[in-house]
Amino acid sequence: MAGQNYKEFFEEAMNQIHQEFTNSGREDDFKLWFNLQYVEDTISEITVSVPSEFMWKQMVSKGNVQIVQNKINELLGQNIQLNHIVNSKPAEAPAFVQPVQTTAATISEEKKEEPKSHPQSESNSPKSNSKHPQLNEEFTFDTFIPGDNSQYAYSACIAAAQAPGSKNYNPILLYGSSGVGKTHLMVSIGNYIFQNNPSLKIGYITTESFMNEFTQAIREKTTDKFSKKYRKLDVILLDDLQFMEGKEALQNELFYTFEDIYNRKGQIVFTCDRPISEIKGIAERLRTRFTRGLSIDLKAPDYETRLAILDKKLELQGKSIKQEVKEFIAKNIQSNVRELEGALSKGIGYAELMHKELTLDIIQELLGDYVSSGSSGIINIDVIQKVVCDYYNVSIADIKSSKREKRIAVPRHIAIYLGRKLTEYSLTDLGEEFGGRDHTTVMSSLKKIEDLLKTDSSMGDTIKILERQIKES
């Protein structure tokens with residue numbers, strides 16, 4: 001018969017392991033990879049709940065389940081088997097993850113506490129089949145392929161989505177270069193929460209848009225309305241935090257937004273192109289808030305992960321291509337996921353338009369202009385932005401900003417034009433890479449350069465020089 005004969009032993013074991021990890025400076029590892037909650041026990045088994053089957057498999061493979069089992073056996077003086085179930089509804093972080101010295105007496109007192117109310121914990125919350133107006137419905141955990149470069153981030157984001165507001169995963173900062181999956185994972189959190197807790201208020205916004213909206217609120221004297229709009233959210237997803245650099249008034253507003261949401265146990269997720277420690281001009285009190293939870297670096301995917309991503313993309317489209325074609329794309333496009341998928345779409349699109357099978361010869365020819373002989377992969381937006389900015393002696397932050405002076409606007413237009421010409425980025429994707437601009441703004445930049453190419457021969461020479469430098473980079 002199921003009972004609670006071993007509950008205190010389980011909690012004491014978890015507290016001791018937590019203290020050991022904290023003492024060795026690995027508290028974040030404990031928070032993520034020991035995400036177990038006691039359920040019940042029998043004379044020879046303890047059943048625990050975990051956020052997902054994937055998390056359980058990872059904890060087993062890392063040996064963490066065995067660590068817990070060994071600790072319990074040590075305390076009990078007998079062998080106990082750990083079994084698991086998947087907890088399908090969000091829950092509060094268990095008390096034993098707090099960094100405190102715990103004794104049997106304090107455990108007994110913790111059991112007497114009344115559970116805190118938490119809107120994310122309601123088991124009768126209806127599921128939603130609709131689409132959130134701000135979230136890309138294609139960005140889900142099912143469509144994300146984790147590899148060694150992103151497995152930690154993937155697991156942490158799943159845990160945050162299933163237990164939003166838990167201090168174990170709050171806030172989450174995802175950082176890395178363009179196209180490695182930061183926005184995909186962040187939006188996946190939003191989509192999961194929206195589908196399982198549609199009553200929660202979820203907001204997604206780029207920092208550039210947040211800044212523009214805040215500036216407009218100041219101009220129109222509606223800052224109170226602006227503050228209420230964001231501070232009442234249960235989940236805030238803020239993209240491209242690096243654009244907060246040096247903007248004191250905006251940082252002040254975000255600080256109070258952060259405090260309101262965090263103190264109500266709402267979920268906060270940020271993305272950035274680099275660690276917070278490398279961003280200058282960030283107020284210290286805001287910096288400490290950003291680093292309060294998990295800060296996770298996403299790298300470019302390795303070869304095996306790139307192959308898996310291509311397989312997943314083909315599966316979702318109901319298509320197939322030769323293995324040698326997939327291998328060529330995965331081998332030559334190493335920088336990020338967006339360009340990997342773009343190259344695949346280019347090959348499939350050509351084959352379908354020409355009613356031909358996509359062969360190795362065809363894909364080599366199609367990608368020939370994009371794969372530089374001296375580089376490790378396809379041309380990417382980061383390279384284009386760097387080359388153009390170096391040529392015009394402006395910063396990448398400048399061309400991604402809302403500044404309109406000619407010395408910045410011209411290189412911005414040129415970089416967007418070259419991005420459209422030399423990559424497979426859509427207008428929307430290009431806009432995201434240049435500070436969250438919409439597709440109409442991108443089209444305007446393209447038209448300005450196209451018009452100049454018709455009337456100004458020096459612009460044509462400049463474009464040729466930049467193209468050569470980009471392909472040699």
Side-chain angles (χ1 to χ4, degrees), residues 1-113 115 120-121 123 141 146 148 151-163 166-169 192 196 294:
M1 180 180 293
Q4 294 193 353
N5 300 307
Y6 302 138
K7 183 178 182 181
E8 292 188 4
F9 288 93
F10 171 79
E11 292 181 341
E12 179 63 17
M14 294 298 288
N15 276 310
Q16 288 189 20
I17 295 169
H18 181 213
Q19 197 62 53
E20 291 167 6
F21 271 69
T22 300
N23 292 342
S24 62
R26 295 185 294 154
E27 186 172 5
D28 282 349
D29 286 342
F30 177 86
K31 290 178 179 179
L32 180 61
W33 299 115
F34 289 84
N35 192 2
L36 308 172
Q37 296 183 53
Y38 174 90
V39 176
E40 61 183 11
D41 61 60
T42 65
I43 193 65
S44 60
E45 297 178 345
I46 294 177
T47 300
V48 296
S49 68
V50 293
S52 67
E53 193 65 36
F54 176 82
M55 281 289 286
W56 174 258
K57 290 178 181 178
Q58 292 302 307
M59 286 187 279
V60 170
S61 67
K62 291 176 179 293
N64 296 338
V65 171
Q66 191 62 50
I67 290 174
V68 176
Q69 196 162 290
N70 291 345
K71 181 66 71 173
I72 294 171
N73 292 345
E74 177 185 320
L75 293 173
L76 273 170
Q78 66 183 76
N79 292 329
I80 291 291
Q81 179 70 34
L82 276 186
N83 290 330
H84 77 286
I85 60 172
V86 174
N87 181 15
S88 60
K89 59 185 180 183
E92 277 284 5
F96 52 71
V97 300
Q98 304 306 318
V100 295
Q101 297 285 353
T102 309
T103 64
T106 59
I107 291 174
S108 298
E109 290 177 5
E110 285 172 358
K111 291 196 298 180
K112 297 175 183 177
E113 290 184 9
Q120 290 92 327
S121 310
S123 60
F141 293 122
D148 289 342
Q151 191 174 79
Y152 180 28
Y154 177 74
S155 301
C157 288
I158 287 177
Q162 293 181 327
S166 165
K167 63 175 60 178
N168 289 346
Y169 319 105
Y192 184 96
N196 290 276
L294 295 179

side-chain hydrogen bond (donor to acceptor under 3.5 Å, both in side chains) partners of Trp33, counting only residues at least two apart: none
Go through the structure and list residues passing side-chain contact (heavy atoms from CB on, under 4.5 Å) with Ala159, not counting sequence neighbours. Asn35, Tyr169
Side chains of Leu294 and Tyr152 in contact at under 4.5 Å (non-hydrogen atoms): yes
To the closest 0.5 Å, what do you measure between CD1 (Ile46) and CD1 (Ile72)? 4.0 Å
List, one per line, each side-chain donor-acceptor pair under 3.5 Å for residues 73-81, sequence neighbours excluded.
| from | atom 1 | to | atom 2 | distance (Å) |
| --- | --- | --- | --- | --- |
| Asn73 | OD1 | Ile80 | N | 2.8 |
| Asn73 | ND2 | Gln69 | O | 3.3 |

My understanding is that only residues two or more places apart in sequence, or in another chain, count here; which of them pass ring pair (Phe, Tyr, Trp, His ring centres under 6.0 Å) with Phe21? Phe34
Polar side-chain atom of Tyr6 near backbone of Ser44 as donor-acceptor pair, under 3.5 Å: no
Just verifying a value: how many Å separate Leu82 CG and Asp41 CG, rounded to the nearest 0.5 Å? 11.0 Å
Any chance CG of Asp148 has more than 12 other-residue heavy atoms, nucleotides or ligands included, within less than 6.0 Å? no
Looking at every non-hydrogen atom in both residues, tell me the closest pair between Phe141 and Cys157 and how far apart they are. CZ-O, 3.5 Å
Looking at every non-hydrogen atom in both residues, tell me the closest pair between Val48 and Val39 and how far apart they are. C-CG2, 3.8 Å
If I take atom CD from residue Glu11 and atom CD from residue Gln37, how far apart are they, to the nearest 0.5 angstrom? 10.5 Å
Is there side-chain contact between Tyr38 and Glu8, with at least one heavy-atom pair below 4.5 Å? no
Answer whether the closest heavy-atom distance between the side chains of Leu36 and Met59 falls below 4.5 Å. yes
Does a side-chain heavy-atom distance below 4.5 Å link Asn64 with Phe30? no
Non-neighbouring partners of Asn70 that pass side-chain hydrogen bond (donor to acceptor under 3.5 Å, both in side chains), sequence neighbours left out: Gln66
Residues that Glu20 engages under salt bridge (Lys or Arg N to Asp or Glu O under 4.0 Å), provided they are two or more places apart: Lys71
